[in-house]
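Below is one structure, written out as structure tokens; comments come after it.
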Amino acid sequence: MVDETFVTEMNEKALGGGRVSDEEAYRLADAPVEAVVEAADEIRERNMGDGVDTCSIVNAKSGGCAEDCGFCAQSAHFDTEVDRYGYLEPDEILDAAKRAEADGANRFGIVVAERGINKEKRPEEFEKVLESVRRIRDETGIEPDASLGLITEEEAEELVEAGLKHFNHNIETAPSFFDNVVTTHDFEDRVRAIEVAQDAGMRVCAGVIFGMGEDTEHRVEAALALRDIDVDTVPVNVLNPVPGTPFEDYSKITVEEILQGVALYRFIMPEKVIRLTGGREKNLKDRQGEVLRAGANGLLIGDYLTTEGQEADRDEEMIESVGMEIQDVEGKT
Ligand code: SF4
């Protein structure tokens, strides 16, 4: 076990603008969790202030996905009870964006259950995505975001032209653990999609899911990969096992493991938005605020893709109870 002196040393390094090396990050994973959490809170406060960035999503196309991500209720490979529907009408997306804005979200993500939105195969669907983005830009004050899977350079450019400046594509887990989660595409496919979005000028939100059988070292490995890719915001989901998926019987990871994971992410990426997302209510219950005091400074609010979230008022109360406040930390683009 690494002692607290090392945590203090790393804290001073991070506060002084230094970069924790890969080796130091792995050593921190072996340090007392309480000390790491306390230091991560200080790094967040000093570097990012007390603002909590909020976003919300809509499941714009649900179920029947050809990929086999083991955690996902929407994969056609598994027998789950998820709704199946094609891409919603832009009017419906717009209504959802307005609701998210009223709930206090800073960003609104259009999410499709697909390996990738595909202009060549489904031109009408792609056109509807573009229209949704344009209308969110023109008719609301919320910033559009989208999670459209693997996209081509041409698609990325058209999306940017329509007004999309934020793109989500999670790496899900560590490169060395990826094959335990997905077999229909590989880690490099995911990284390529992120690079395509970055090259087109979009800010990228890319993160992970904790609790899929990985260990602390895998969580650190994933954070180091995200740092290398230079993503802008990092969603941290915690697995909420869905009946019918291969991960349905996975036992929950502990709250301490979640706090430790988030705190290590803050050490590794001291100036990024680290966002607590899916699975937070189920896994953390009334301890969600502790994650905001362990280095996180973002929250996905409202409902998730296939499960319900808690009410916006309760989130606001929770944020205030830990001395933080909703703020557009990422800023408008
Ligand atoms: S996570 Fe996305 S790509 Fe994977 S099965 Fe679910 S919808 Fe498809």
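When all heavy atoms of Gly244 and Thr80 are compared, the closest pair comes out as C-CG2, 4.1 Å. Listed here is the closest heavy atom pair of Asp91 and Arg135: OD1-NH1, 2.7 Å. Minimum interatomic distance between Ala14 and Asn47 (heavy atoms only, all atoms of both residues): O-ND2, 4.5 Å. Of all heavy-atom pairs spanning Asp50 and Met324, the tightest one is O-CB, 3.2 Å. Contact record, Leu224 with Ala25: CD2-CB, 4.2 Å, taken as the closest heavy-atom pair. The two residues Val58 and Phe108 come nearest to each other via the heavy atoms CG1-CZ, 3.4 Å.
No continuous path of hydrophobic side-chain contacts links Leu150 to Met202 [ILVMFWY only; heavy atoms under 4.5 Å]. By the rule that hydrophobic residues join a cluster once side-chain heavy atoms approach within less than 4.5 Å of another member, Val82 and Val111 end up as members of separate clusters. If you chain together hydrophobic residues whose side chains sit under 4.5 Å apart, Ile142 and Leu164 fall into the same group. Phe78 and Val112 fall into different hydrophobic clusters, where Ile, Leu, Val, Met, Phe, Trp and Tyr are joined by side-chain heavy atoms under 4.5 Å apart, directly or via other members.
Although no hydrogens or angles enter the test, the distance criterion places no donor-acceptor pair under 3.5 Å between the side chain of Asp30 and the main chain of Arg27. Between the Arg275 side chain and the Asp53 main chain, a donor and an acceptor come within less than 3.5 Å of each other. Side-chain N or O atoms of Gln288 include none that pairs as donor or acceptor with a backbone N or O of Leu276 at under 3.5 Å. A donor-acceptor contact shorter than 3.5 Å is absent between the side chain of Thr173 and the backbone of Phe178. The main-chain N or O of Asn170 is found under 3.5 Å from a side-chain atom of Arg190 such that the two form a donor-acceptor pair. Side-chain N or O atoms of His77 include one that pairs as donor or acceptor with a backbone N or O of Ala66 at under 3.5 Å. Between the side chain of Arg219 and the backbone N or O of Glu214, at least one donor-acceptor pair lies under 3.5 Å. In this structure, Lys165 contributes its side chain and Val160 its backbone to no donor-acceptor pair below 3.5 Å. A donor-acceptor distance shorter than 3.5 angstrom exists from the side chain of Asp215 to the backbone of Glu217, with no hydrogens or angles considered. At distances below 3.5 Å, at least one donor-acceptor pair connects side-chain atoms of Thr54 with backbone N or O atoms of Asn106.
From Glu290, atom CD reaches atom CG of Leu292 across 10.5 Å, with rounding to the nearest 0.5 Å. The NE2 atom of His166 lies 13.5 Å from the CG atom of Leu159; values are rounded to the nearest 0.5 Å. We find the CD1-CG distance between Ile110 and Asn168 to be 12.0 Å, quoted to the nearest 0.5 Å. From Glu221, atom CD reaches atom CG of Leu226 across 11.0 Å, with rounding to the nearest 0.5 Å.
Between Phe247 and Phe71, the angle of the ring planes lies from 30° to 60°, which puts this pair in the tilted group. Aromatic ring orientation, Phe210 versus Tyr265: perpendicular (interplanar angle above 60°, classes split at 30° and 60°).
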request  = Would you sort out whether Arg107 and Glu143 count as a salt bridge (Lys or Arg N to Asp or Glu O under 4.0 Å), showing the intermediate values?
outcome  = CA-CA 5 Å; Arg107 241 163 305 287; Glu143 185 81 26; 5.2 Å; no
query = Can you list the steps and then say if Arg314 with Asp286 is a salt bridge (Lys or Arg N to Asp or Glu O under 4.0 Å)?
reply = CA-CA 11 Å; Arg314 277 187 64 194; Asp286 58 357; over 6 Å; no
query = Passes salt bridge (Lys or Arg N to Asp or Glu O under 4.0 Å), Arg44 versus Asp41? Steps please.
reply = CA-CA 5 Å; Arg44 184 271 308 156; Asp41 189 38; 2.7 Å; yes
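A 6.0 Å sphere centred on CD of Glu153 holds no more than 12 heavy atoms belonging to other residues, nucleotides or ligands. The environment of CG in Asp79 is sparse: at most 12 heavy-atom neighbours from other residues, nucleotides or ligands sit within 6.0 Å. Around CD of Glu248, the count of heavy atoms belonging to other residues, nucleotides or ligands within 6.0 Å exceeds 12. More than 12 heavy atoms of other residues, nucleotides or ligands lie within 6.0 Å of CD in Glu101, so this atom counts as buried by the packing criterion. Sparse packing is recorded around CD of Glu4, with 12 or fewer heavy atoms of other residues, nucleotides or ligands lying under 6.0 Å away. More than 12 heavy atoms of other residues, nucleotides or ligands sit less than 6.0 Å from atom CD of Glu188.
The closest side-chain donor-acceptor pair between Asp83 and Ser62, if any, does not fall under 3.5 angstrom. Checking Asn297 against Arg266 by side-chain atom types alone, a donor-acceptor pair falls below 3.5 Å. Between Asn237 and Thr277, the side chains place a donor N or O and an acceptor N or O closer than 3.5 Å (distance only, hydrogens not considered).
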